[in-house]
Amino acid sequence: MILETTQQALQALFAGSVPANGAEAGSPRGNGVLTRDYIIHGYHLDAQVAVDQLLAAVTILDQAGFFIESITGVDWIKENQLEVIYDFSRYDFDTCRVVIRTRIPRDQPVVPTISTIYAGANWHERETHDFFGIKFAGHPHLVPLLLPEDADFHPLLKDFKA
Amino acid sequence: MSAPIQLRPDETFILNVGPQHPATHGVLRVKMEMDGEYIVKAETVLGYVHRMHEKMGENRTYAQYLPNLSRLDYLGALGYTHGHVLAIERAAGIEVPERAEYIRAITVELNRVASHLFWFGAFVMDLGGFSPLMYAIQDREHILDMLEAVTGARLTYCYYRFGGLYNDVDDDFIEAAKRFIPRMRKSLKKYAALVTGNIIFQKRLEGIAPVSAEMCRKYGATGPVARGSGINFDVRKNEPYSVYPEFDFDVPVYHECDSMARYKVRMDEMEQSLRIIEQGLEKLPSGPIMTEKKPKNIKLPVGDFYQAVETARGSFGIRIVSDGDKNAYRLKLRSPTYSNMHLFDEACEGMLIMDALAFMGSLDLVIPEMDR
């Protein structure tokens, strides 16, 4: 049930734009909502949004009662992009795992913070900033969390040399 | 004659708890702004045992990464290795023999009891009672001996393999496990009489450190912390994996939201784990413990895979982004205590420091698991 309503709500963000392509293996996909086979992937909905749609998408999930699972990044160095992945899930038995992703250029890695919506995003965003150097605009305290306090390196970038 | 020391009525001071402090059970630091005995504001500082496990996940093959998983949570390591092998098996489409899954469930639950036992002892010690820790460790010792006999390790297990197990359990293990269940049930009664009913213990916990269900949701708290706040959420029930649907067990939920609720959830969970172990031993099918069709070098198909499991501390998630190689392109570990501890800063505002330390104990922290 919640799966359909969430899918519709997220789909509404893309009203009027080009529908999502079928996510070919290995190639970057367009923005849009995809349903995934839970048995294989472990989640139900996979939405790739533009950076300016992120807060709207997260707000939809917040209002629908999802809890925040984690935030992380992926460095797609060949495409010169960084991806930020947000995981959401539910406490009730209407199981629905939602993944929100957004892609940003590597040389200007800025996304808005969602810690204003989910307070628990605070540490996850700091951690993602540690590992990838992604800046979360509006974050209240974006200083190293897991790395040393004077760390100026981002170890999960693919061009990181120890 | 020096002037007497006087504080302005509104003056606060900064108190450093940790990084080396017995109440934090590891190297965790909390900066607290104090107004006398009351906490005005707290800021948790992590990362003292950060080892960049996620980078190692990119540098090592999936099989080479297996031992890393048991070095996150040293008290309940099997749950984490279970998550890893399930994630790989899900992505690679490997079938696991039923006997192997049953043994996995039995050993994970034994490990959960061991973890809760140690937490119980340490938690009561935080509150000033020393002897329960000795009883708890005595019981836990039986589990560690059993697991040592089959896995070869006492804490840092590397027992599960993609597609099965590396070693079958023998009759000695089954006998020992069967003997352990009534022994542990007796102990649980003893703990209830010794600790749970103790008036000082109750006064330290009841109504203290309320964590609302809404706060749990905003911070992503899971496991006994969420279940102590009235949230009926257990990955074993909500997203059934392995052979858990075969077992008849309950998920203890308490609605008081206080430290006592979190304590009771874990104490009840031990009994439920014993029920699972009991049923697992009874139903344990014969057959192989390793699939025959397992490829030698595991390569996952291109894609993004997620697996969640219920560990002793809550929902542990592992995300593998694969580009088709024998290493993960990106491997993310979602640790439950990381989210559970995060709400501490907000929840402890205005609390007495002794209550806050009891609250911290009720979150069941394992620092290496938080820092990864």
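Please read these numbers as outputs of a predicted model, since none were measured by experiment. Below, read A as the first sequence line, B as the second, and so on, with proteins coming before strands; counting in each chain starts at 1. Side-chain atoms are counted along with the backbone in the values below, which use heavy atoms only and exclude waters and symmetry mates.
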S.K.: Counting only heavy atoms from other residues, nucleotides and ligands, does the tally under 6.0 Å from NZ of B:Lys299 exceed 12?
M.R.: no
S.K.: In terms of heavy-atom contacts, does NZ of B:Lys41 have more than 12 from other residues, nucleotides or ligands at under 6.0 Å?
M.R.: no
S.K.: Highest number of heavy-atom pairs under 4.5 Å with chain A: which of B:Ala91, B:Cys216, B:Ala87?
M.R.: B:Cys216
S.K.: For the residue pair B:Arg217 and A:Phe66, what are the closest heavy atoms and their distance?
M.R.: NH1-O, 2.7 Å
S.K.: Distance check, rounded to the nearest 0.5 Å: B:Leu46 atom CG versus A:Leu147 atom CG?
M.R.: 11.5 Å
S.K.: Taking side chain as everything from C-beta outward and backbone as N, CA, C, O, which of these in B:Asp234 sits under 4.5 Å from a heavy atom of chain A? Side chain, backbone, both or neither.
M.R.: neither
S.K.: Do you know which of B:Leu343, B:Asn232, B:Val321 has the most heavy-atom pairs with chain A at a distance under 4.5 angstrom?
M.R.: B:Asn232
S.K.: Side chain, backbone, both or neither: which part of A:Tyr43 has a heavy atom under 4.5 Å from chain B?
M.R.: side chain
S.K.: What residue in A:Gly65, A:Ser70, A:Pro148 has the most heavy-atom pairs under 4.5 Å with chain B?
M.R.: A:Gly65
S.K.: With only heavy atoms counted, which part of A:Leu157 is less than 4.5 Å from chain B, the side chain, the backbone, both or neither?
M.R.: backbone
S.K.: Please classify the contact of B:Glu214 with chain A as side chain, backbone, both or neither, using a heavy-atom distance under 4.5 Å.
M.R.: neither
S.K.: For A:Tyr38, is the NZ or CZ atom of B:Arg90 found under 6.0 angstrom from the centre of its six-membered ring and inside 45 degrees of the ring axis?
M.R.: yes
S.K.: What part of A:Asn122 gets within 4.5 angstrom of chain B, counting heavy atoms only: side chain, backbone, both, or neither?
M.R.: both
S.K.: Quick one: do A:Glu69 and B:Lys332 make a salt bridge, cutoff under 4.0 Å?
M.R.: no
S.K.: A:Leu145, A:Thr95, A:Val74: which one forms the most heavy-atom pairs within less than 4.5 Å of chain B?
M.R.: A:Leu145
S.K.: Within the 4.5 Å heavy-atom criterion, are B:Arg319 and A:Val99 side-chain neighbours or not?
M.R.: yes
S.K.: Shortest non-hydrogen contact from B:Ser339 to A:His124?
M.R.: OG-NE2, 3.7 Å
S.K.: Could you tell me whether B:Arg334 and A:Asp87 make a salt bridge, using a distance below 4.0 angstrom between a side-chain N and a carboxylate O?
M.R.: no
S.K.: Using a 4.5 Å cut-off on heavy atoms from C-beta on, say whether the side chain of B:Tyr306 contacts that of A:Ile85.
M.R.: no
S.K.: Between A:Asp75 and B:Arg330, is there a salt bridge with N-O shorter than 4.0 Å?
M.R.: no
S.K.: Measuring only between side-chain heavy atoms, which start at C-beta, is B:Met52 closer than 4.5 Å to A:Leu146?
M.R.: no
S.K.: Name the region of B:Asp323, side chain, backbone, both or neither, that has any atom closer than 4.5 Å to a heavy atom of chain A.
M.R.: neither
S.K.: Is it the backbone or the side chain of B:Ile231 that comes under 4.5 Å from a heavy atom of chain A, or both, or neither?
M.R.: side chain
S.K.: Under 4.5 Å heavy-atom distance to chain A, tell me which part of B:Tyr338 shows up: side chain, backbone, both or neither.
M.R.: both
S.K.: State whether B:Tyr329 and A:Lys158 meet the cation-pi test: NZ (Lys) or CZ (Arg) under 6.0 Å from the six-membered ring centroid, and within 45° of the perpendicular axis.
M.R.: yes
S.K.: Hey, is the main chain of A:Ala121 close enough, under 3.5 Å, to the side chain of B:Lys218 for a donor-acceptor pair?
M.R.: no
S.K.: Of all the heavy-atom pairs spanning B:Phe305 and A:Ile40, show the shortest one and how long it is.
M.R.: CD2-O, 3.3 Å
S.K.: Are any of the side-chain heavy atoms of B:Asn238 and A:Arg90 separated by less than 4.5 Å?
M.R.: no
S.K.: Above 12 or not: heavy atoms from other molecules or residues under 6.0 Å from CD of B:Glu349?
M.R.: yes
S.K.: Going from OH on A:Tyr91 to OG on B:Ser229, what distance comes out if it is rounded to the nearest 0.5 angstrom?
M.R.: 8.5 Å
S.K.: If you look at every heavy atom in A:His41 and B:Asp304, which pair is closest and at what distance?
M.R.: ND1-O, 2.9 Å
S.K.: Determine the minimum heavy-atom distance between B:Glu239 and A:Ser89, stating which atoms define it.
M.R.: OE2-OG, 4.2 Å
S.K.: Is the A:Tyr118-B:His342 ring centre distance short of 6.0 angstrom?
M.R.: no
